[in-house]
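In what follows, a structure is listed as structure tokens, so that the remarks can point back to it.
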Amino acid sequence: MALARAFASVASLTRQGESKLGFAGKAFASTTTVNGVPVEVHNEGGSKRVVVTKTLPGERWLQFLINAGCRVEVSKHPDVILSNATIKQLMGTKCDGVIGQLTEDWGSELFEALKQAGGKAYSNYAVGYNNVKVDEATKRGIPVGNTPGVLTETTAELAAALTLAAARRVPEADVFMRSGKYKGWLPSLFVGQLLQNKTVGIIGAGRIGAAYARMMVEGHKMNLVYFDPYPNKQLEDYIRLYGELLRHRGEPPVAVKRVETVEEVLKEADVVSLHCNLDASTRHLINSQRLALMKPTAVLVNAARGPCIDEAALVAHLKANPEFRCGLDVFEDEPAMKPGLADCPNAVIVPHIASASLWTRSGMATLAAANVAGILSGYPVWNKQDILGFVDKPLAAAPHAAPSIVNAKELKLKMVAE
Ligand code: DGY
């Protein structure tokens, strides 16, 4: 009753559509509007109200929230990127938790609104959280979740796809073919770069960087040079063992080297892929001076965050060096591109799809929902590398924990024992 009153005061709840069968016959979705914003409602009778700012893939995520007694309202607002004003309308004056997007600006304004609405949990639907001012959430006692552990291979695969597409000029050749220009085989048609036995460089040897490195080293027998403030011993051991195997088979072995500076990677590698977080130290990490250090035939790949590259400098470099190529999944002023980039045939550009495999995107939804559900249920925080128990095990066997809370320590949240 109290909850119904709270909703009535927050929102003009207008039933707009008929219910449709929800999940495992347990819940029904209906549509309504909240302060003028269309939403899809699941588990209408739930006692905690969770707002989800975009439709998420899969069904498992919803079960986490429903099992935690949540009424879930998924925004159906037509804007691709929701403004703060719209998100505040969605939260209203009674909102226990939110699952938001990496395109949204989660800072003092939204966290204050969430706090005022009684909010106790926020999860980004992303592993990266440079769109979240975590200290603003911490100040207000709000745990912030993210979704690590399910993006690794999927993101690395896309970085590898960009590398191959750029090195072998696949999009250029595709456009040529579609425009009916192909008149017959020629020795000089779309000649690109062979990767086999060359050197791949990575900047950032965390989970995704290491997975990409393994794909390139194993797949193309490339040597690895990497920069990371911390050595990745597991990756180094793996490559050394692979080198031994090749030697044993009478093939040239591969080598791995960690270097002290970004510059050393840029000078030495034939392919450089960025796998660092975005912060003050990595903004414009790749600028015109550093681009000038790279080989004129090198490939630069970015599936991390757009502002890690000075994109205007990259456009100038691509224009001046037609044999230099890049593969970009992310952009400095996303969704916009810097002037001239789209006209560079030596740039392969895709719209931030590195994590876009169904398994990963559904897994991200599950982790984000489990973060919010876990906090609202008073569970401890998991924060361990292996999160597959949340994603792949039968739901009943999923850990009773919030999988990944980035400010758990600052908020002194209880952790699951090792
Ligand atoms: C993330 O999760 O940070 C990715 O950029 C989404 O693709």
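This one's a predicted model, so the numbers in the text were calculated from it and none came from an experiment. Read the numbers this way: they start at 1 and go in the same order the structure lists the ligands and their atoms.
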Just wondering, are more than 12 heavy atoms of other shown residues or ligands nearer than 6.0 Å to NZ in Lys54? yes
Can I get a per-line list of side-chain donor-acceptor pairs under 3.5 Å for residues 364-374, giving both atom names and the distance, sequence neighbours left out?
| from | atom 1 | to | atom 2 | distance (Å) |
| --- | --- | --- | --- | --- |
| Thr366 | OG1 | Ser362 | O | 3.2 |
| Asn371 | OD1 | Ser404 | N | 2.8 |
| Asn371 | ND2 | Ser123 | OG | 3.2 |
| Asn371 | ND2 | Asn146 | O | 2.9 |
| Asn371 | ND2 | Leu367 | O | 3.2 |
| Asn371 | ND2 | Ser404 | O | 3.4 |

By side-chain contact (heavy atoms from CB on, under 4.5 Å) - contacts of Met415 (at least two apart): Val381, Asn383, Ala408
Determine, stepwise, if the pair Arg305 / Asn277 fulfils side-chain hydrogen bond (donor to acceptor under 3.5 Å, both in side chains). CA-CA 7 Å; Arg305 283 292 183 262; Asn277 293 331; over 6 Å; no
So which pairs with a foot in residues 344-380 pass ring pair (Phe, Tyr, Trp, His ring centres under 6.0 Å), sequence neighbours left out?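 Sorted pair list: Tyr379-His400.
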Looking at Lys48, Lys120, Arg49, which one forms a salt bridge (charged side-chain N to carboxylate O under 4.0 Å, His left out) with Asp96?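 When Lys48, Lys120, Arg49 are each tested with Asp96, the salt bridge (charged side-chain N to carboxylate O under 4.0 Å, His left out) holds only for Lys120.
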Measuring from each atom of ligand 1, which residues have a heavy atom under 4.0 Å away? Leu102, Ala126, Val127, Gly128, Leu151, Arg305, His352, Ser355, Met364
